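Take a look at the structure below.
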There are 2 protein chains.
Amino acid sequence: MSLNILLAEDDLELRLTLEEALTLEGMQVCACDSAESALDAAEQEGFDVAILDLVMPGLSGVEAIANLRRLQPGMGVIITTAFATVDTAVDAMKKGADEFLAKPFNLTALATTVRRVNAERQPQPKLADETADKVFSALSNPIRRQALLQLVRHRQLRFMDLCRLVGVEDHTKFNFHMRQLKQSGLIQQNVNKVYFLTTEGQQMCHFLLQEEVD
Amino acid sequence: MSLNILLAEDDLELRLTLEEALTLEGMQVCACDSAESALDAAEQEGFDVAILDLVMPGLSGVEAIANLRRLQPGMGVIITTAFATVDTAVDAMKKGADEFLAKPFNLTALATTVRRVNAERQPQPKLADETADKVFSALSNPIRRQALLQLVRHRQLRFMDLCRLVGVEDHTKFNFHMRQLKQSGLIQQNVNKVYFLTTEGQQMCHFLLQEEVD
DNA sequence: TATTTTTGATAAGGCAACTTCACAGCCTGG
DNA sequence: CCAGGCTGTGAAGTTGCCTTATCAAAAATA
């Protein structure tokens with residue numbers, strides 16, 4: 001996959017060098033000479049990662065971060081500088097930078113950093129793998145799905161009432177499925193043994209149903 | 001579950017009779033003597049079904065439907081009338097009524113109709129049962145989930161590239177899982193055998209990931 | 001107090017999912 | 001043209017899910 005990189009660097013020679021190096025690494029690069037130009041470009045096109053010089057005429061790289069994040073929240077940001085101090089590094093990270101690189105830096109290392117920053121900004125799975133196994137395994141059975149949908153309608157139900165609504169004749173069979181649903185974390189029982197949907201169960205059911213929008 | 005009923009009937013005696021009969025059927029009834037009162041009530045409280053007389057002083061029952069649906073899109077609507085004609089029935093159904101009842105009607109039958117109308121307006125599962133079986137069964141396996149997430153990131157991938165990204169050593173094992181995913185309808189191959197997510201696959205992955213909100 | 005209903009557990013067998021192994025055709029690159 | 005890589009299928013064995021049968025304790029009702 002070809003990463004789309006937004007580069008803001010006012011030094012012409014360095015800008016050309018960076019652009020060429022990243023292109024050789026298989027990335028698409030949009031090179032700008034100012035933060036303002038970079039913001040204009042970000043309004044036109046989606047980017048995976050932005051590489052911003054800290055000090056530039058006009059807006060600094062750090063000042064541009066908030067605007068970039070407003071335009072494209074998923075974009076990674078790397079701040080580069082020739083005069084790194086602890087204060088400038090901390091300030092950049094506080095302002096939302098994902099990485100802070102002091103010049104000069106190794107070009108291959110830069111490409112590696114870009115890929116890492118991009119990977120870290122990728123959306124993460126909502127569910128841990130073990131939980132996902134249980135949740136989707138629970139949902140792969142029609143009896144269990146039907147039980148969940150009845151709990152959407154009735155909010156709280158006792159075991160045998162739910163068993164009859166779902167239409168299962170053998171309550172020990174139904175009990176097996178209810179235990180699967182409990183282990184998956186989608187439902188719970190209160191102290192009176194009444195079943196109800198957990199928060200996660202409600203979210204899952206919300207997704208399962210095509211509900212009318214207001 | 002106790003249904004919440006909004007009743008609009010200008011005839012006092014009939015209104016009291018209906019209210020009592022529905023209450024005896026275990027329903028919560030908010031009785032109004034006009035459509036305007038009913039709309040006021042609907043602004044204050046959620047209802048499952050509205051029973052509206054066709055002809056009333058002020059707004060008619062049919063005229064109230066659009067306003068009620070704007071306030072509460074999921075509400076069922078039953079129009080009642082003493083002077084039913086084909087024209088008035090068609091007009092009411094066109095304007096969004098779920099049922100049209102000519103007076104006099106059997107009170108027990110009314111309660112049954114109310115329950116049926118409510119059930120029909122319940123949100124329906126997005127997926128047919130057979131499809132849901134396949135989709136959730138496909139998602140219950142970690143290898144298959146990982147394959148989908150890689151397709152989110154890379155958009156299109158060839159078989160062996162995807163196999164290596166997911167980290168499966170035996171390509172015939174991986175092939176089995178890819179066939180499961182194809183049968184579930186979450187992925188497809190183009191003419192060059194490159195895998196990509198279907199529309200349904202994209203929706204499912206969108207749900208699986210906790211993506212940043214704008 | 002006795003009976004019925006509700007809720008729950010375990011074991012065993014059948015069936016399906018998954019893994020492993022063997023094999024093969026097609027495509028690409030040298 | 002040949003070798004290597006890619007893509008794919010089927011059979012057999014292993015593992016796990018689901019159903020059925022049996023049993024039982026607790027709670028509710030008459």
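Naming: A, B, ... by sequence-line order, numbering from 1 per chain. Reckoned from all heavy atoms, side chains included, excluding hydrogens, waters and symmetry mates. Please read all numbers here as calculations on a predicted model, not as lab measurements.
Nucleotide C:dT6 holds its P atom 13 Å from the CZ atom of A:F174, rounded to whole Å. For B:N175 and D:dG8, the CG to C1' distance is 5 Å, given to the nearest whole Å. If you take CZ of B:R179 and P of D:dG10, they are 7 Å apart, rounded to a whole angstrom.
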Atom pairs under 3.5 Å, N or O on each side, protein against nucleotides 24-30 of chain C: can you list them with distances?
none

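The side chain of A:R164 places an N or O atom within less than 4.0 Å of a non-bridging phosphate oxygen (OP1 or OP2) of C:dT6. Residue A:N141 places at least one side-chain N or O under 4.0 Å from the OP1 or OP2 atom of D:dC18. An OP1 or OP2 oxygen of D:dC17 is reached within less than 4.0 angstrom by no side-chain nitrogen or oxygen of A:H177. Residue A:R158 places none of its side-chain N or O atoms closer than 4.0 Å to OP1 or OP2 of C:dT5.
The 5' end of DNA chain D is approached more closely, in terms of each residue's nearest nucleotide, by A:R144 than by the other of A:R144 and A:K193. Where B:Q180 and B:T172 meet DNA chain C, the nucleotide closest to each residue was compared, and B:Q180 sits on the side nearer the 5' end.
Heavy atoms only, all atoms of each residue included: B:D53 and B:T81 are closest at OD1-CA, 4.0 Å.
Of the charged side-chain nitrogens involved, at least one lies within less than 4.0 Å of a carboxylate oxygen, so that A:D98 and A:R69 count as a salt-bridged pair.
Between its opening and closing five pairs, the helix from C:dT1-D:dA30 to C:dG30-D:dC1 changes axis direction by 30°, a value rounded to 10 degrees.
No option in A:I51, A:V117, A:V49, A:I65 other than A:I65 meets the side-chain contact (heavy atoms from CB on, under 4.5 Å) test with A:V77.
Among the heavy atoms of the strands lying under 4.0 Å from A:Q189 are primed sugar atoms or P, OP1, OP2 only; no base atom is included.
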